[in-house]
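Note that the coordinates shown come from a computational prediction; the quantities given were computed from them, not determined experimentally.
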Amino acid sequence: MSQPQSMTSRLAAEFLGTGVLVFGGCGAAIFSAKVISSNTVNMGIGFLGVALAFGLTVLVMVYAVGHISGAHFNPAVTFGAALAGRIEWKAVPSYWISQIAGASVAGLALFAIATGKHGFDPVASGFATNGYADRSPDGYSMLSALLAEIILTAIFLYVILGSTDGRAPKGFAGISIGLSLTLIHLVAIPITNTSVNPARSLGVAWFAGPEALGQVWLFIVAPLVGAAIAGLTYPLFFPNPAVSMAVEMDRLPEEATTNDD
């Protein structure tokens, strides 16, 4: 049986995991998505490569530190998990702070590396930020971006909650979660550059100018809404009688003490 982890260890794991997610995923988008050779051929990894980069970072970090913190790496995941009863509410603010801090440190590291290339402009390049309308990779509206981010975050949370359910096969959560994030990016990169994660959006938006920061609200609100939908409905759609019985058994001593005359 695994031992309870200290809050310090849990927050360190969330800081590290979120930082690796942003550095790996956004780094792939900034440095590798489009690499033009001397004969003007794009040798970059494109949308598919970026989608895989995000999925792989989550997959490897789930196995690296998931046993310590639960491997949220995303304020929306923490919010949905709390609503579903998977994490204590008092831990939510600390998780959020660690996730945003990890993402921001990773964004700073990416900025420091990227500016080492002559002529690089984080504002003009977009710096892997999320956006809608004129900042959408393919010109999608604010409503399209809002719907996509809500729906895809809800799907992501359903996968996470299902994969980590006590009834699910053991040892495969990292694979299903990583592949689901890859799928989500394959859908949403042309729409919003894919957020489904407020920390990921903020981590690079700090360095991409006022327009990026002016649109980041959507990529905070929409993922939280999507996470709330999944977090509230998963226990209703897929109730676990074993968990309910365990909760009732835990309450028996307290109730007996309370009713003792």
Side-chain angles (χ1 to χ4, degrees), residues 13-35 44-66 69-78 80 99-100 102-107 109-111 113-114 125-131 136-138 145 148-160 163 172-205 207-208 212 216 218-220 222-223 226-227:
E14 287 298 304
F15 177 92
L16 175 63
T18 312
V20 171
L21 169 65
V22 171
F23 191 86
C26 294
I30 293 167
F31 302 124
S32 305
K34 184 178 181 181
V35 181
I45 60 176
F47 285 174
L48 176 59
V50 173
L52 283 170
F54 274 101
L56 288 171
T57 55
V58 168
L59 188 155
V60 298
M61 293 312 293
V62 165
Y63 289 114
V65 297
S69 69
H72 296 183
F73 314 147
N74 181 339
V77 172
T78 301
Q99 290 156 356
I100 293 170
S104 300
V105 169
L110 291 172
F111 178 78
I113 294 168
S125 71
F127 203 58
T129 53
N130 305 113
S136 162
D138 206 26
E149 291 288 330
I150 290 173
I151 293 168
L152 291 170
T153 307
I155 291 171
F156 192 39
L157 262 292
Y158 282 126
V159 172
I160 291 170
S163 299
F172 294 97
I175 297 171
S176 60
I177 293 168
L179 289 177
S180 69
L181 189 60
T182 299
L183 174 62
I184 285 166
H185 277 77
L186 290 174
V187 173
I189 288 176
I191 304 170
T192 62
N193 222 16
T194 314
S195 172
V196 301
N197 184 339
R200 170 262 186 270
S201 297
L202 284 167
V204 288
F207 308 97
V216 79
L218 186 145
F219 305 101
I220 297 172

So, for [X] and [Y], which heavy atoms are closest and what is the spacing to 0.1 Å?
X      : Y      : answer
Ala208 : Phe127 : CB-CB, 4.1 Å
Ala53  : Gly24  : CB-O, 3.9 Å
Asn74  : Pro198 : OD1-CD, 3.5 Å
Val204 : Ala128 : CG2-O, 3.8 Å
Thr182 : Ala51  : OG1-O, 3.4 Å
Tyr63  : Ala173 : OH-N, 4.3 Å

Candidates Ile113, Leu110, Val50 - the one meeting side chain to side chain contact (heavy atoms under 4.5 Å, CB included) with Ile30: Leu110

Sole candidate of Leu152, Leu52, Thr194 that passes side chain to side chain contact (heavy atoms under 4.5 Å, CB included) when paired with His185: Thr194

Can you find a pair of side-chain heavy atoms, one from [X] and one from [Y], that are under 4.5 Å apart?
X      : Y      : value
Leu181 : Thr57  : no
Ser136 : Thr192 : no
Thr129 : Asn193 : no
Phe47  : Leu186 : no
Phe156 : Ile177 : yes
Leu157 : Val77  : yes
Ile150 : Pro223 : no
Asn197 : Gln99  : no

Worked verdict on Phe73 versus Val22 for side chain to side chain contact (heavy atoms under 4.5 Å, CB included): CA-CA 10 Å; Phe73 314 147; Val22 171; over 6 Å; no

[atom2] on [Y] to [atom1] on [X], rounded to 0.5 Å:
X      : Y      : atom1 : atom2 : answer
Thr153 : Phe219 : OG1   : CZ    : 10.5 Å
Ile100 : Thr18  : CD1   : OG1   : 9.5 Å
Ile184 : Glu149 : CD1   : CD    : 9.5 Å

Plane angle bin for Phe207 and Phe111 - parallel if under 30°, tilted between 30 and 60°, otherwise perpendicular: parallel

Under 3.5 Å donor-acceptor, Ser163 side chain and Ile160 backbone: no

Side-chain donor or acceptor of Arg200 paired with backbone N/O of Cys26 under 3.5 Å: no

